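Heads up: numbering here begins at 1 and tracks the sequence. Order of appearance sets the numbers: ligands from 1, and atoms from 1 within every ligand. Here the structure is a predicted model, which means the values were calculated and not measured.
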Amino acid sequence: MSLTRIIKEKALELGFVAVGVATAEPFTLYAEEIAGRPEMYAWGKTLSQRASVRDLDVTWFVDPARFIPGVRSLVVVTDSYFEEDFPPSLAGKIGRCYLKGLFCPEDNFHSQRRRELKKFLQERGIKTIYGPAPARLSGARAGVTDYGKNCFAFAKEAAGRSSWIVNEPFLVDRELEPDSPSLRVECPEDCRKCMEACPTGALYAPLKMDPRKCIAYQTYFSPGEIPREVRSKMGTWVYGCDLCQEACPRNQKWMEKDKPMNSKLLERASDFSLTRLLTMSQDHYEKKVWPLLYYIRKENRKLWQRNAAVALGNQGDPRAIPALVSALEDPEPLVRAHAAWALGKMGGKQARGALEKRRQLEEDEGVRKEIEDSLNYA
Ligand code: SF4
Ligand code: SF4
């Protein structure tokens, strides 16, 4: 059996839903795309200063030889993250791939099988590095995924040919037999549903997304106040956003398919309720939330509280008013300001009364202004 075949069989045995092999020449298409709009990616270069991830300079990934000088091939495995259903209380709040913990600090079967595949390659004397390549382009070059106009990779065979998957490239120093690339868009010509579903205009044209405008970016990478004009567009999302995938007809069949409930997540769902997130202690954050949803740094719990306040304001359920009123007393001005906005958005006697009372006591100028704006709105 050829080495390529042996590796592919191992990947499938480990539970990856697809595997392909790509050649390792530089990703020139990717380089051209980034060079055409560098301002949209500049934020990544200092990302580690405000998020618990490394700095992200997307230009690094253009040439695989930067990471392994003798790189010859890419083994691209595909992981499916929507094989089990998600608790309904989390729908529309946290993106599915994050809930599934694909790349989180917690040890889980996703990280275990990545480690096992790496070990398997190394035991055969293959030098390998996991990760540093454009994942979606690698998948298309390896023939395991194609593209949607929403910029997502769609499985060619696995997971009902949906986009609820991720590609994970392993760079290797061996010449393997490459698969036929599938670098094409497989959407109906007249479909624009994903672009119409994007509330912020982040997805501004087929295959064009401005990450700075994406709700996902706003929820976990934006360090301070969320602009007022963006808040009401965020709906109830507090970490990521799935709208452009949910709207896609290519995903409907897989979304509607009966799947077993993810029981572990069901047990944990109340840890992530919006009111719990708004009022959570540091201990709750560090022990229950951060190990699974870790992009926001441990010392930045206030960003979660900010997001929860905005989501509750948009949800408009009056049962959340007491939690928002108590957040008006939070030591962090950022939390008080967004709680004030949410109460103003919800309106009504109780919300208005709480805002008026807080206005008398509030010492932070920015929060007082937010309260006054919210009272005009309420
Ligand atoms: S994830 Fe949400 S905000 Fe981001 S591009 Fe898709 S629909 Fe737009
Ligand atoms: S919504 Fe339509 S255009 Fe967008 S990715 Fe899906 S099929 Fe393609």
Item to check | Every N, O or S from the protein that is nearer than 2.8 Å to atom 2 (Fe) of ligand 2 | outcome: Cys191 SG
Checklist entry - Between the side chains of Ser232 and Asn314, does any donor sit under 3.5 Å from an acceptor? => result no
Next on the checklist: At a cut-off of 2.8 Å, what protein N/O/S atoms sit near atom 2 (Fe) of ligand 1?
Outcome noted: Cys241 SG
[Y] six-ring centre to [X] NZ/CZ under 6.0 Å and within 45° of normal:
X: Arg37; Y: Tyr41; answer: no
X: Arg250; Y: Phe154; answer: yes
X: Lys100; Y: Phe82; answer: no
X: Arg161; Y: Trp254; answer: no

Checklist entry - So does Lys208 pair up with Glu33, basic N to acidic O under 4.0 Å? => result yes
Checklist entry - Quick check: are there more than 12 heavy atoms from other residues, nucleotides or ligands sitting under 6.0 Å from CZ of Arg319? => result no
Checklist entry - What orientation do Phe221 and Trp43 show, parallel under 30°, tilted 30 to 60°, or perpendicular over 60°? => result tilted
Item to check | Of Tyr81, Tyr220, Tyr294, the residue whose pairing with Tyr98 passes side-chain hydrogen bond (donor to acceptor under 3.5 Å, both in side chains) | outcome: Tyr220
